[in-house]
There are 2 protein chains.
Amino acid sequence: MSELSATNVSATPMEKFQEYLVTRGMRMTRERSIIVEEVFASHAHFDAEQLVEQLSRRQDRRVSRSTVYRALEQLVEAGLLRSVARQDGREVYEHDYGYPQHDHLICRKCGSLTEFHNSEIRTILEEVAREHGFRMEAHRLEVTGLCNDCCRPPVTRPEKLNLL
Amino acid sequence: MSELSATNVSATPMEKFQEYLVTRGMRMTRERSIIVEEVFASHAHFDAEQLVEQLSRRQDRRVSRSTVYRALEQLVEAGLLRSVARQDGREVYEHDYGYPQHDHLICRKCGSLTEFHNSEIRTILEEVAREHGFRMEAHRLEVTGLCNDCCRPPVTRPEKLNLL
DNA sequence: TTAACTGCAAACGTTTTGCAGGCGG
DNA sequence: CCGCCTGCAAAACGTTTGCAGTTAA
């Protein structure tokens, strides 16, 4: 029962981060708590730049870019966030903690990021890892192509109409 | 039969690149051919920096960093290379043309990159894409964790031997 | 001949870092 | 009060780009 804290799955992100910090002699500062609050206020994908901008609109306190980058690294390490893709040269993050495992369809044209869930993939990867004596910790699967909206060919009209 | 060149799968990488270039009014220069030669001389994964360094050791001609970056983009576009992962902030490339589809196990400790093949994954992704009306063009699957060698705990010797 | 290509150096955008002062526990 | 944390500015990093001269076709 002494391991309860280590396996507690019902804690809030803030509590989980707190736990991560204290077990490493680190501190829950005002800046870190603001960042966690902001990050978990919505479920959207985001990159460092977007987070910096969102934070700059808050009135409670300014958080510097450096602190944001440092916190993102810690949140990933703590298992609260994961980096899921790279877009326009920036790392894209999303909630990891308390959010079901999934992967992404990335449209190369409009940049849209669509989540999909398929449990077989994880099963296959576990088997593959076992075969290779590899201890899998995470995976990142980016499926690129054209989304439903961008699939439609650039021709505005079918050839048939040109018969006239 | 007029489409032979477009569907020719037995051409060498050099020939295929040549074809890509001419159909776009581009030219097969000395630099580009040296790069293709160097890239397809071995089957190892590499990044731009490594390629630049390899090329700098050649005696036939110096190829600038800019030209390397420009060529890498073209080789990916031509379907000869694909970027498979990102390591230490650098894009990692490997042969795409004439090489069976596969994914990678990436050790976060030693950085080793192990290929594995699993045809089910592709099948699943095709199905997922269909369900979402997504036209899949490619996928990138990075499985991170600890490789066989790095799995073993950091203890250098069993406690037993310390009994003496 | 001429337009695509190259090397150079400088620019670029993201991310990291050294440091002096601030502040949590 | 110790030492972790912050903001700042500057550095670092991989990559891209403008340009003037070079070269393939």
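FYI, side chains are in, hydrogens and waters are out, and symmetry mates aren't considered; it's all heavy atoms of this structure. Chain A is the first sequence line, chain B the second, and so forth, proteins listed ahead of strands; every chain is numbered from 1. The model shown is predicted, which means the values in this text are computed figures rather than measured ones.
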How close or far is atom [atom2] of [N] from atom [atom1] of [X], stated in whole angstroms?
| X | N | atom1 | atom2 | result |
| --- | --- | --- | --- | --- |
| Tyr20(A) | dC4(D) | OH | C1' | 14 Å |
| Arg30(A) | dC4(D) | CZ | C1' | 18 Å |
| Arg24(A) | dG3(D) | CZ | C1' | 18 Å |
| Leu55(A) | dT6(D) | CG | P | 12 Å |

Contact letters for nucleotides 11-22 of chain D, in which S counts primed atoms plus P, OP1 and OP2 and B counts the base, heavy atoms under 4.0 Å: ---SBBBB----

Stem segments of DNA chain C by first residue number [Watson-Crick or G-U, under 3.5 Å, at least 3]: C:1-25 with D:1-25

Pair listing, ring-ring contact (aromatic ring centres under 6.0 Å, His included) test, anchored in residues 102-133 of chain B, at least two apart: His45(B)-His104(B), Tyr99(B)-His102(B), His102(B)-His104(B)

Short side-chain to backbone donor-acceptor contact, Tyr20(B) and Met26(B), under 3.5 Å: no

Pairing of [X] and [Y] as salt bridge, 4.0 angstrom limit:
| X | Y | value |
| --- | --- | --- |
| Arg57(A) | Glu53(A) | yes |
| Lys16(A) | Glu19(A) | no |
| Arg58(B) | Glu37(B) | yes |
| Glu49(A) | Arg90(A) | no |

side-chain hydrogen bond (donor to acceptor under 3.5 Å, both in side chains) between Arg32(A) and Thr67(A), intermediate numbers included: CA-CA 8 Å; Arg32(A) 282 177 180 152; Thr67(A) 300; over 6 Å; no

Test item: side-chain donor near acceptor, Thr144(A) and Arg140(B), under 3.5 Å: no

Between the protein and nucleotides 3-5 of chain C, which nitrogen or oxygen pairs come in under 3.5 angstrom?
{"from": "dA3(C)", "atom 1": "N3", "to": "Arg27(B)", "atom 2": "NH1", "distance (Å)": "3.3"}
{"from": "dA3(C)", "atom 1": "N3", "to": "Arg27(B)", "atom 2": "NH2", "distance (Å)": "3.2"}
{"from": "dA4(C)", "atom 1": "O4'", "to": "Arg27(B)", "atom 2": "NH1", "distance (Å)": "3.4"}
{"from": "dA4(C)", "atom 1": "O4'", "to": "Arg27(B)", "atom 2": "NH2", "distance (Å)": "3.4"}
{"from": "dA4(C)", "atom 1": "N3", "to": "Arg27(B)", "atom 2": "NH1", "distance (Å)": "3.4"}
{"from": "dC5(C)", "atom 1": "OP1", "to": "Arg27(B)", "atom 2": "N", "distance (Å)": "3.0"}
{"from": "dC5(C)", "atom 1": "OP1", "to": "Arg32(B)", "atom 2": "NH1", "distance (Å)": "2.6"}
{"from": "dC5(C)", "atom 1": "OP1", "to": "Arg32(B)", "atom 2": "NH2", "distance (Å)": "3.2"}

Residues which pass salt bridge (Lys or Arg N to Asp or Glu O under 4.0 Å) with Glu120(A), listed by chain and number, not counting sequence neighbours: none

Phe40(A): ring-ring contact (aromatic ring centres under 6.0 Å, His included) partners, not counting sequence neighbours: His95(A)

